[in-house]
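Scroll down for the structure; my scribbles are underneath it.
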Amino acid sequence: MKHGHEMRQKTHNENPEQPLILRFDQVRRQDGPLVGGKNSSIGEMITALTNRGIKVPPGFATTSRMYWQYVGKNDIQQHAARLIAEWQYGKLTLSEAGHKIRSLFLGGTWPSSAAAAIKAAYHELCGETNRENLGVAVRSSATAEDLPEASFAGQQETYLNVSGGDALLDACRRCYASLFTDRAISYRQTRGFDHMSVALSIGVQQMVRSDVGGAGVMFSIDTESGFDKVVLINAAWGLGENVVQGTVNPDEYQVFKPFLVDRSLVPIVDKKRGDKAVKMVYGDKDKGAPTRNVSTSKAEQAAFVLGDQEILQLARWAYTIEQHYRVPMDMEWAKDGVTGELFVVQARPETVHSGRDAAVFKVYKVRSKGRVLATGLSVGDAAVSGRLCLVESSRDLDKFVDDSILVTGTTDPDWVPVMKRAAAIITDHGGRTSHAAIVSRELGLPAVVGTGNATYVLHSGQDVTVSCAEGTAGFVYDGAADIATETLDVSGLPATRTKIMLNLANPAAAYRWWRLPSDGIGLARMEFVVSNAIQVHPMALVHFDRLKDEEARSKIAALTAGYAQKPDYFVDKLSQGLATLCAAVYPRPAIVRMSDFKTNEYAGLVGGAEFEPDEENPMLGFRGASRYYSPRYREGFGLECRAVRRLREHMGFTNAVVMIPFCRTVREAKMVLEVMAENGLVRGEKGLLVYVMCEIPSNVILAAKFADHFDGFSIGSNDLTQLTLGVDRDSGELADLFDEEDEAVKWMLGRVIAVAREKGCRIGICGQAPSDHPELARFLVDSGISSISVSPDSFLAVKRQVVDSERALSRSV
């Protein structure tokens, strides 16, 4: 049994010294055995954090004494223990035993003292809030007097929009009964908890009118990577149960915690708008339906639930709560649509990442992929191949085939026994904080949630690969792919004089590598963000009105919905993508290369064909620095500069370093710096460093003059080799001649490193060569290069090569 606890039966007698009811402002964190973890945490926030500005709705909790009083009054314990024993010995099914025990609770009567205490506390709460028949949320909070570490999260029921004393007593009775749902019995059994030792506290809390506002969940760390410098917030319209249950695809916001103390900054590093197809609102209590789901309007689906200042307020609260508890936290929040106020309604410690060894992690690589069948949000960072089993309803759970990949619309706690037997999980609906995501994370299963169409395009018996190893996007590939795994242990790596940095392009994957002890990002490719997150040619946004391509106009209109000025879409998305990269390594530098598409690649962007010339050799054509001052692209470069300025000055990422690619002449360098200054990016002001790519022989020949205009060089070894040897790097016929270790190439490398050192400039290399050629890495170290930037999967190997090279160099001196 888990936790090493032996199951044993106990007879509980109520403790007359314990109260039956405690107001939340009388409860502290250590009162878990009396009122359960959920209620003790609410009390802790009210008593300890209200003076820090955090708003928590008032309420009260019934204690474990009241539970035992109810159990004793209705003679439940002996009968329940017998039914549990009959199930354990196979005389009853789990369903039969659970139903009979719940009937004992539901058919019971309240002890007069308990009923009076609940009604009195409710009447007092109505008076405190000045509302007659106040609507309240009634939540279960399990306790285990001899197992205080048990959370029992998600095992019992919640009832919303309950009003009136009699209705409250009925909801409390149903809460008690939910202690013996099939899933709750199964949960305790697998963990070795004595069913008769666990009591139930009930939390009664003022409802926040989020039915006409919004609600959701937030974590004080990134839920997939465990990256501890961001707050993740999910939001949907209406009551928050839809977000928790995963029946909607919510908005998702990410906020960088270290900048929250500076009120002049807006460190929202990512905003994704979910479709939020339904919302939970108040129903008809007279018909036994206190809540119901309704479709959202097109306007609600197209809008964000929260404004920027509300996102920042919640993030600050999350950070404050985390600091108070001293552990990463999982919280629920709600926005009152009547008053506009925000509230935190629940908080509990996050348990998946907080106990992990940050120095050891496993990396998955998926090769030989089939075509993409479905995409969604990735949960975890693993990948697995297997056979699908489609289960559309909880009524068909018995049809699930063990070790299959579960495909369904959404999950709730009733699905947990099946989820435990799955190899992976795919859902149509839900975000990163949905039930499917939370349980998959706890079980260590890869999951792709919120696909929108998995149950439509996938079928039972189909062989697929589920990949959560490629960042925040999860993929379902056709067929069984080749999956390789590697365990990385980055503990004990010595410091080196030569900095080892990362080549990163995909913001969605940036947080996966936060544990690597890198010295920053040596190359962040802006064009990856443009092609994936933006998709539109910047000039097509600047000159949308003159665009002739109707299909492109339609796509751009859809992508930029919600933006009054279409160029703002480019600036917004680009700054957020770059912010995620910068956040992953802050405060270490992140060298951002301005766009380096070739003309044929620019033309492939939406609306791009009308703004790009046809070239015979785009590799040597209108690319890099030559575009930035040209009338053909100058306005597009202006948007790039606006995004970088926003990144540094509005969001706070002053660790961003700008790098200019393919700068052919010193005259061109001056012209580019002038255009940057016109757009508010002045080298040397506000700590701005500007680097230049060294990838053309002229950069080496005139290195001393280039050094007068830039703060550093980054060697692009692929292009430099190509142009030094006169070899097309993509030519199969000339592949044997393309050699980055050729003497001429090494002369170029050694020369520019020497000049940079002489001029006091930083110089690094961001090509693949040091990863592929250990001897070249040794040569670069011996030459005195400042940094080597590599792909994350090569980091450990190159780091070890540099350690060995520096030790050998020190011995030879």
Side-chain angles (χ1 to χ4, degrees), residues 225 227 361 363 365 469-472 486 488 490 493 496 498-533 574 577-586 588-598 601 624 644 647 653 655-662 689 691-695 712-722 729 740 749 762-774 776-777 780-781 785-802:
S225 66
F227 182 50
F361 56 105
V363 177
K365 294 180 184 178
E470 301 168 63
T472 55
E486 180 183 4
L488 302 181
V490 296
L493 286 174
T496 54
T498 309
K499 304 297 184 184
I500 309 300
M501 305 177 81
L502 301 178
N503 293 334
L504 289 179
N506 183 3
Y511 296 161
R512 292 182 61 206
W513 307 108
W514 73 276
R515 295 183 183 90
L516 286 180
S518 73
D519 294 300
I521 295 175
L523 176 62
R525 300 181 182 91
M526 180 181 288
E527 55 270 16
F528 186 97
V529 180
V530 174
S531 61
N532 287 272
L574 181 55
L578 297 177
T580 301
L581 294 169
C582 291
V585 297
Y586 186 85
R588 294 158 287 163
I591 302 173
V592 177
R593 186 176 70 187
M594 306 302 274
S595 67
D596 193 27
F597 285 123
K598 285 75 175 176
E601 295 168 334
V644 172
L647 170 74
F653 290 100
N655 62 323
V657 177
V658 171
M659 184 158 67
I660 305 302
F662 225 77
L689 299 176
Y691 287 11
V692 66
M693 290 289 294
C694 178
E695 50 195 341
F713 295 89
S714 182
I715 300 166
S717 57
N718 281 345
D719 273 352
L720 187 60
T721 300
Q722 174 178 245
R729 70 190 194 194
E740 291 162 302
L749 296 174
R762 302 169 182 85
I763 184 162
I765 187 169
C766 59
Q768 184 64 23
S771 304
D772 297 336
H773 308 294
L776 183 59
L780 294 168
V781 170
I785 200 164
S786 307
S787 64
I788 297 175
S789 189
V790 299
S791 57
D793 57 349
S794 301
F795 177 85
L796 278 180
V798 174
K799 179 76 171 180
R800 289 168 181 148
Q801 290 169 12
V802 170

| request: Keeping to residues at least two apart or across chains, list the salt bridge (Lys or Arg N to Asp or Glu O under 4.0 Å) pairs with something in residues 498-513. | output: none
| said: Contact between Thr580 and Phe653 at the side-chain level, heavy atoms closer than 4.5 Å - yes or no? | reply: no
| task | Test Leu523 against Met659 for side chain to side chain contact (heavy atoms under 4.5 Å, CB included), laying out the working first. | result | CA-CA 9 Å; Leu523 176 62; Met659 184 158 67; 3.8 Å; yes
| Is any side-chain heavy atom of Val530 less than 4.5 Å from a side-chain heavy atom of Phe597? | yes
| query | Is Ser789 reaching over with its side chain to a backbone N or O of Ile765, donor-acceptor style, under 3.5 angstrom? | reply | no
| How far apart are the C-alpha atoms of Leu720 and Ile715, what are their side-chain angles, what is the distance that settles it, and do they pass the side chain to side chain contact (heavy atoms under 4.5 Å, CB included) test? | CA-CA 8 Å; Leu720 187 60; Ile715 300 166; 4.1 Å; yes
| message | Ignoring hydrogens, what is the shortest heavy-atom contact between Leu516 and Pro792? Give both atom names and the distance. | response | CD1-O, 3.9 Å
| message | Using 0.5 Å steps for rounding, measure from the CE atom of Met526 to the CE atom of Met594. | response | 4.0 Å
| said: Can you give me the closest heavy-atom contact between Gly522 and Ile591, atom names plus distance? | reply: O-CB, 3.6 Å
| remark: Looking only at heavy atoms, the pair that brings Ala583 and Phe227 closest together is O-CZ, 3.2 Å
| message | Using every non-hydrogen atom in the two residues, find where Leu647 and Ala656 come nearest and quote the distance to one decimal. | response | CD2-CB, 3.6 Å
| query | Can you tell me if CZ on Arg525 sees more than 12 non-hydrogen neighbours from other groups inside 6.0 Å? | reply | yes
| Can you check whether Trp514 reaches Ser225 side chain to side chain, under 4.5 Å on heavy atoms? | yes
| Taking atom CG of Asn503 and atom CD1 of Ile788, what is their separation to the nearest 0.5 Å? | 11.5 Å
| query | Does some side-chain heavy atom of Arg762 sit less than 4.5 Å from a side-chain heavy atom of Leu689? | reply | yes
| query | Any side-chain heavy atom of Asn655 within less than 4.5 Å of one from Ile521? | reply | no
| message | Do Leu780 and Pro770 have side chains that approach each other closer than 4.5 Å (heavy atoms only, starting at C-beta)? | response | yes
| Quick one: does Thr496's side chain get under 4.5 Å of Val781's, heavy atoms only? | no
| remark: CZ of Arg588 to CE of Met501, rounded to nearest 0.5 Å, is 9.0 Å
| said: Working to the nearest 0.5 angstrom, can you tell me the gap between Asp596 CG and Ile660 CD1? | reply: 10.5 Å
| remark: Heavy-atom closest pair (Phe528 atom, Pro507 atom, distance to 0.1 Å) is CD2-CD, 4.2 Å
| request: List for me each residue that meets ring-ring contact (aromatic ring centres under 6.0 Å, His included) alongside Tyr691, sequence neighbours excluded, and say none if there are none. | output: none
| Distance from Cys766 atom SG to Arg593 atom CZ, nearest 0.5 Å? | 6.5 Å
| field | Donor-acceptor under 3.5 Å (Glu695 side chain, Phe662 main chain) | value | yes
| said: As an exercise, state the distance from CZ of Phe795 to CG of Asp519, rounded to the nearest 0.5 Å. | reply: 7.0 Å
| Side chains of Leu749 and Glu740: does their closest heavy-atom pair fall under 4.5 Å? | no
| request: List the steps, then state whether side chain to side chain contact (heavy atoms under 4.5 Å, CB included) holds for Trp513 with Val363. | output: CA-CA 10 Å; Trp513 307 108; Val363 177; 3.8 Å; yes
